[in-house]
Structures are given as structure tokens and as C-alpha cells.
Amino acid sequence: QRVQTISGENNGGTRVIDRSWSVARMPASALQRSNLCVRASLSSAYAPSPEERIRSVITLQARYRGRLARRRHGPALRRLHMRYELIHELLSSEETYISRLRTIVDLYLVPLREEIKSSSNGLAFSIITPDDITAIFSYIEGILLVSNKLQEQIEQRVIAYDSSTTLAPLLIGDIFLQFAPFFKTFKPFFQSYDTAIARIKDLRAQPVVAAFFQKCERDPRSKQLDIGAHLITPIQRLPRYVLFFDALARSTPPNHPDHLPTQDALAALREVASFVNEGVRDSENQKKLIALQNTFYNQKRYLGMPYLELVQPHRRLLHSGRLSKRSLRDMGLQMRHVYLCSD
């Protein structure tokens with residue numbers, strides 16, 4: 001569009017109207033452009049028609065209303081945009097996570113199972129046993145199955161939202177509410193992670209097994225990571241779900257349909273994370289009690305001291321550490337290592 005401005009010099013009392021000044025040469029502000037049209041309409045040298053005056057006023061009002069709307073709804077729109085970006089980031093990271101899990105199964109677990117079942121390779125069977133496979137990969141296939149189902153549902157929601165012509169919101173809180181109980185199956189894997197790493201370290205002492213692991217690490221799917229770096233991926237994933245929903249809850253307006261499901265999903269994920277971490281702590285404490293009991297057993301065996309049954313189903317190790325004890329004989333300080341149990 002072109003605007004009409006008053007320009008030129010007074011030539012015998014007649015003003016020359018220049019119609020070639022484009023919008024690009026006008027001031028940047030929308031209000032300034034509209035005011036320029038109004039001022040031009042009020043000039044005595046050019047009398048616009050009533051329709052042009054009404055059009056100028058309507059333009060000014062529309063731009064002012066738009067500015068008020070952006071000021072009023074701008075923060076909410078920015079939060080919705082951040083929410084949309086967070087969900088896309090979740091979907092992308094979920095695909096990467098599943099790719100790491102598939103690498104564990106396809107690159108390590110399946111070939112080792114085939115080697116054990118193969119009757120032509122007795123050497124592999126004598127070094128890697130089914131017990132080794134269970135200790136290292138026991139729960140990874142179940143975790144992969146749950147993650148595949150979760151990723152499929154998130155992807156379906158995102159695709160439906162991106163292709164929709166309506167104003168239906170993007171909802172994912174209910175999906176994680178549905179899957180939160182399944183995340184508790186991560187607990188046995190978390191508890192056995194240290195045992196799996198120790199078993200891998202022992203197996204690497206065998207040249208045949210070490211060569212197999214090195215071959216897998218050179219595979220492009222492994223991305224130059226060893227098996228320990230892949231196995232820790234599920235352990236890192238659950239806390240990241242909690243961090244993601246914490247950020248998503250802050251980016252979801254209170255009047256959004258997904259506000260309450262997002263808050264409920266965040267609470268459920270925090271509960272699951274606490275449940276899993278508690279199981280890991282119990283497993284670590286149980287190992288400490290077993291090690292301490294072995295110490296007492298050796299004292300009984302070699303020194304004739306009484307034997308104490310520390311490991312009991314109801315007993316948990318709460319804390320252990322050094323303690324300074326004042327001697328009643330000479331009032332000097334004596335150092336002790338103290339173990340505090342639940343009973």
C-alpha cells in the first residue's frame with residue numbers, strides 16, 4: 001500500500017500531493033504510522049473523504065487494541081511456547097534414551113545369548129554363563145518395553161497436535177500418570193547395578209570376553225562408550241523425568257487443561273524416585289551389614305570372640321562413622337567406629 005503525504009513547494013497557492021512515498025520510509029512504530037495518516041487527514045491542504053477518515057481511526061484503534069492484547073497475554077503465550085518446546089525436547093531425548101537401551105540389547109545381550117546357546121563355541125560358554133547374563137542384563141528388556149510404549153504415546157500426542165487445525169491443547173500429564181507405577185520396576189535394576197559392574201570387571205580379565213567388549217565399543221552404535229556408560233542410562237533417566245516435569249509445571253498456566261495432571265504427574269514421579277532411591281540405599285546398607293558381619297565372623301574364627309548375627313530381615317543400617325570416646329580411666333580421647341542400626 002501507498003500513503004498520501006503533503007510535499008513539494010507552494011506553487012501559486014496549489015499544493016502538490018506526492019503519492020510515491022512507500023510504507024518502508026515511514027516511522028517504525030505502528031502508532032506513528034497511524035498518527036501520520038490522521039495528521040494528514042487534518043491538514044487543510046488535503047481533505048480526505050469520510051471513508052478515509054473512518055478507515056484511519058479504525059486502523060489506529062486496531063493497532064492500539066493489538067498492543068494492549070500483547071501486553072496482557074504476552075507472558076502467558078511465552079509460557080505456552082516454552083511448554084511446547086519442553087515437550088519436543090522430552091520426545092527427542094526419549095528417542096535418544098531408547099536408542100541407548102536398544103544398543104545394550106542388540107549389541108551386547110543378544111550376541112552373548114547366541115554364543116551361550118551355540119554348541120560350536122564351547123570356549124564362550126565356559127567363560128560367560130547364564131548367571132552372568134542375568135546379573136548384568138536381567139531387567140534391561142523390561143525397561144526397554146516400558147520406554148517404547150511411553151515414547152509411542154508421547155509421539156502420537158505431539159503429531160496429533162502439530163497436524164491439528166483446532167485449538168485443542170497438547171496434554172501429556174495423564175500419560176506419565178499412567179506410566180508412573182511401571183517406573184517402579186526400575187528398582188531391581190538400580191539395586192543390581194553395582195553388582196553388574198563388578199561382574200563385568202571380573203569378566204574383562206578373560207581375554208576372549210575383553211576382546212568381545214572392545215569389539216562392541218568400536219561399533220558405531222556404541223558411540224565409543226563402554227558397557228558401563230550404557231547401563232547407567234536408566235539410572236539417570238528417572239531423575240531427569242522429575243526435572244522435566246518440574247520445569248513443565250512452571251510453564252503450564254493455572255487455567256490450562258493439563259495443569260492439574262502435570263502437577264499430579266510430578267508428585268507421582270517424585271514418589272517413584274524416592275521409592276527407587278530408598279531401595280538402592282537399603283541394598284547398599286545390606287551389603288555393609290554383610291561386610292561387618294564377616295568381620296565379626298573372622299574375629300570369632302581366629303580370636304575366639306562371640307559371633308553376632310547382624311543381618312536380619314527387619315534390620316537396616318542407618319548410619320556409620322567415627323566417634324570420639326572419653327576414657328574413664330585417664331580421661332583421654334579414644335577413637336571408635338560406630339554402626340547405628342534401626343533396632
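Since the structure is predicted, the reported quantities are computational estimates derived from the model, not experimental observations.
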side-chain contact (heavy atoms from CB on, under 4.5 Å) between Arg204 and Asp226, intermediate numbers included: CA-CA 12 Å; Arg204 280 185 177 272; Asp226 61 8; 4.2 Å; yes

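- Contact annotation: the side chain of Leu150 never approaches that of Phe182 to less than 4.5 Å [non-hydrogen atoms, C-beta and beyond].
- You'll find the side chain of Ser147 reaches within 4.5 Å of the side chain of Leu101, heavy atoms only.
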Quick one: do Tyr97 and Ile143 satisfy side-chain contact (heavy atoms from CB on, under 4.5 Å)? Show the steps, please. CA-CA 11 Å; Tyr97 168 60; Ile143 295 175; 3.4 Å; yes

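- Residues Asp131 and Thr134 bring no donor and acceptor atom of their side chains to less than 3.5 Å of each other.
- In this structure, a donor-acceptor pair under 3.5 Å is absent between the side chains of Arg221 and Ser99.
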Criterion side-chain contact (heavy atoms from CB on, under 4.5 Å) on Arg157 and Leu91, from CA distance to verdict: CA-CA 10 Å; Arg157 293 282 180 91; Leu91 181 59; over 6 Å; no

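- Of all the heavy atoms in Ile136 and Ile227, the pair that sits closest is CG2-CD1, 4.5 Å.
- Counting all heavy atoms, side chain and backbone alike, Val146 lies closest to Phe179 at O-CE2, 3.8 Å.
- Between the CZ atom of Phe190 and the CG atom of Leu238 there is a distance of 5.5 Å, given to the nearest 0.5 Å.
- In terms of heavy atoms, Gly173 sits closest to Ala265 at O-CB, 3.7 Å.
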May I have the step-by-step check of side-chain contact (heavy atoms from CB on, under 4.5 Å) for Val338 and Lys325, ending in yes or no? CA-CA 11 Å; Val338 179; Lys325 173 183 174 297; over 6 Å; no

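- For the residue pair Ser222/Asp219, the side-chain donor-acceptor check at 3.5 Å is not satisfied.
- The heavy-atom pair separating Arg83 from Ser251 by the smallest distance is CB-O, 3.8 Å.
- Residues Val105 and Glu141 share a closest heavy-atom pair of CG2-CG, 4.3 Å.
- Checked by atom type and distance alone, the side chain of Arg100 never pairs as donor or acceptor with a backbone atom of Pro234 at under 3.5 Å.
- Put simply, the residue from Arg240, Arg237, Lys149 that forms a salt bridge (Lys or Arg N to Asp or Glu O under 4.0 Å) with Glu94 is Arg237.
- With a 4.5 Å cut-off on side-chain heavy atoms, Arg102 and Asn148 count as touching.
- Taking the six-membered ring where the residue is Trp, Phe244 and Phe176 present tilted rings, their angle falling between 30° and 60°.
- One distance of note links CG of Leu266 with CG of Leu177; it measures 10.5 Å at 0.5 Å rounding.
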